[in-house]
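Note sheet for the following structure.
Below, chain A is the first sequence line, B the second, and so on; all start at residue 1.
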2 protein chains.
Amino acid sequence: MPRTARQPVEVAAVKQKILDVALDLMLTEGFTALSMRKVAAHSSMTAANIYNYFSNKDEIYLAIQTRGFEMLLERFAVIAQEVMPPLSKIKALIRAYLDFGLQHAGLYEIMFTRNTPKFADYVGTPLEPTAAVEKNTALQLAALAAQVISDLISTRPDLKGLDPAYQTVQLWTALHGIVSLYNSRVLQEADEQYTATMERLAADLLRPFEDGASDSRRKKNRNSKDPNANRRSSNAE
Amino acid sequence: MPRTARQPVEVAAVKQKILDVALDLMLTEGFTALSMRKVAAHSSMTAANIYNYFSNKDEIYLAIQTRGFEMLLERFAVIAQEVMPPLSKIKALIRAYLDFGLQHAGLYEIMFTRNTPKFADYVGTPLEPTAAVEKNTALQLAALAAQVISDLISTRPDLKGLDPAYQTVQLWTALHGIVSLYNSRVLQEADEQYTATMERLAADLLRPFEDGASDSRRKKNRNSKDPNANRRSSNAE
DNA sequence: CATATTAAATGAACGCTGTTAATTAAATGC
DNA sequence: GCATTTAATTAACAGCGTTCATTTAATATG
């Protein structure tokens, strides 16, 4: 008797359209400009109608978050598939992360610093599958980074004891600290030479992977089988 | 003829009262609960009246931010004045920072991750002196940490080349990365053993101050004059 | 003391926000 | 064509930061 419902693919298209607009607004006008009414206007519909596709604004945040992870993952994947020494790959990943974080500060904020909904908030709810996509994408990121780090470790006998997963988290938290403090403009206040400092910080992130930098991370003993490591720069200053 | 104006100390008391309420609301109910009307209600006045004491909400954020820095500075000062080995002091500072960040997540957010107004936003405005207090408190924090680090370096010949200011920033960004990712609950998603990981991360922050860990931190990056850095990995792939 | 003058506080309003409910418009099967 | 279901809209609510006109309160002077 009645009007027939649209194909699932059509309703998905509308959802996608909304998300495209939302992400675009987020990237161009920043976090604060993201309102339901603005998204609706740019999508040629009413704010209320968005609630036929998303249960609330948080769900849109979740989707944007996922897109952010996908964007970063894409950059990472390009680097990962290139043929180059593992250490250079790590360096490239670091650079990509920093660039992404500074370039898309608003998006980065949603992903990592804002109290936007996370996967754990949706377990047991109808949206758990959607949230699982977000978590999965993020984990792919970590796995990819861990793989590159693992590659390096396996080709470097002096790094044999390192745990790729831990090294990944360590690198990640350090990178995030730099990006987040920069984007909140606190770093600029505390250090006038913040640009040079950031470069140096980035370079120092490779320190765990330097010559013979392995063992104290491994377990306890670290009495120097490599005493000549720091002899070179005695002329500094 | 007219009604006489209140003593500056009286109007300052009202301002203080407002800030007390605002900080209390922030600490107890979180960032989102901080509205002008709520602050006003808890201060037995109207929202509009707050604008006789603060020009806008941002100015309240700025003040709360300052209070946050003062709170953290107080914790740091207690540790700094204690008599103990420099390395233990650094360890205690690290612990204090982490505790503060996790304990007062909302306040920490205003100080370091939110896009709340910073000193640079007020140069040339009537509020520059107020903002200068904020910046000054933050710089005292950094100076205090740098002093402790400097103490350590001066008592340890093997660390002679380290720059206390840079070490401070490095430590700070790393700590912030941990706190921020934890508070945004992303770390918990990516690493199920996040508690143990955080402990390990905190411990590893002392790595630059380990035995003979000095020199490559001392000056520039050395990629151009050091072609043998990644020679060992020529067998990769 | 009464009054004019000023200070402090208020009430009301504006435009915005996220969200819900009632209503309308549109499309389809019988 | 009609009944029925879907999709979209309009209207409204409560709250937000902020501004402005108004009221309340206090005081120095005639």
Atom pair distance, as rounded to whole Å: [atom1] in [X] and [atom2] in [N]:
{"X": "A/F31", "N": "C/dT17", "atom1": "CZ", "atom2": "P", "answer": "13 Å"}
{"X": "B/Y61", "N": "D/dG17", "atom1": "OH", "atom2": "C1'", "answer": "10 Å"}
{"X": "A/N56", "N": "C/dG18", "atom1": "CG", "atom2": "C1'", "answer": "9 Å"}
{"X": "B/I50", "N": "C/dA9", "atom1": "CD1", "atom2": "P", "answer": "11 Å"}
{"X": "B/K17", "N": "C/dA9", "atom1": "NZ", "atom2": "C1'", "answer": "15 Å"}
{"X": "A/D58", "N": "C/dT17", "atom1": "CG", "atom2": "P", "answer": "17 Å"}
{"X": "A/I60", "N": "C/dG18", "atom1": "CD1", "atom2": "C1'", "answer": "11 Å"}
{"X": "A/E10", "N": "C/dA26", "atom1": "CD", "atom2": "P", "answer": "18 Å"}

**Item:** Stepwise side chain to side chain donor-acceptor pair (under 3.5 Å) test for A/Q147 and A/D151
**Value:** CA-CA 6 Å; A/Q147 181 58 51; A/D151 287 347; 2.9 Å; yes

Restricting both atoms to N or O, compile the protein contacts to nucleotides 21-24 of chain D shorter than 3.5 Å, with distance only.
none

**Request:** Could I get the full list of salt bridge (charged side-chain N to carboxylate O under 4.0 Å, His left out) partners for B/D20, not counting sequence neighbours?
**Result:**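 Listed in chain order: B/R67.
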
Residue pair [X] / [Y], side-chain donor-acceptor N/O under 3.5 Å:
{"X": "A/S55", "Y": "A/E59", "value": "yes"}
{"X": "A/K135", "Y": "A/T137", "value": "no"}
{"X": "A/D204", "Y": "B/Y166", "value": "yes"}

**Options D/dT9, D/dA8, C/dA8, nucleotide nearest the side-chain atoms of A/M45** =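 Within the option list, the nearest is D/dT9.
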
**Prompt:** Below 4.0 angstrom from OP1 or OP2 of D/dA7, is there any side-chain N or O of A/Y53?
**Reply:**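 So the side-chain polar atoms of A/Y53 never come under 4.0 Å of the phosphate oxygens OP1 or OP2 of D/dA7.
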
**Asked** Can a side chain N or O of B/R6 be found less than 4.0 Å away from OP1 or OP2 on C/dA9?
**Response**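 Result: yes.
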
**Asked** Reckon B/F54 touches a base, only the sugar-phosphate, or nothing at all at heavy-atom distances under 4.0 Å?
**Response**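 Answer is nothing: B/F54 stays at 4.0 Å or more from every strand.
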
**Asked** In terms of the angle between their ring planes, are B/F100 and B/H104 parallel, tilted or perpendicular, with boundaries placed at 30° and 60°?
**Response**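 Perpendicular.
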
**Request:** Any chance you could list the contact pattern along nucleotides 10-16 of chain D? Use B for base contacts, S for sugar-phosphate-only contacts and - for none, protein heavy atoms under 4.0 Å, 5' to 3'.
**Result:** B-B---B

**Message:** For A/L73 versus A/Q140, what's the shortest heavy-atom pair and its separation?
**Reply:**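 That closest heavy-atom pairing would be CD2-OE1, 3.5 Å.
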
**Prompt:** Hey, does the side chain of A/T46 reach the backbone of A/A48 with a donor-acceptor pair shorter than 3.5 angstrom?
**Reply:**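 Between the backbone of A/A48 and the side chain of A/T46 there is no qualifying donor-acceptor contact (under 3.5 Å).
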
**Message:** So for atom CD, which belongs to B/E192, do other residues, nucleotides or ligands contribute more than 12 heavy atoms lying within a distance under 6.0 Å?
**Reply:**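 Count not over threshold, so no.
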
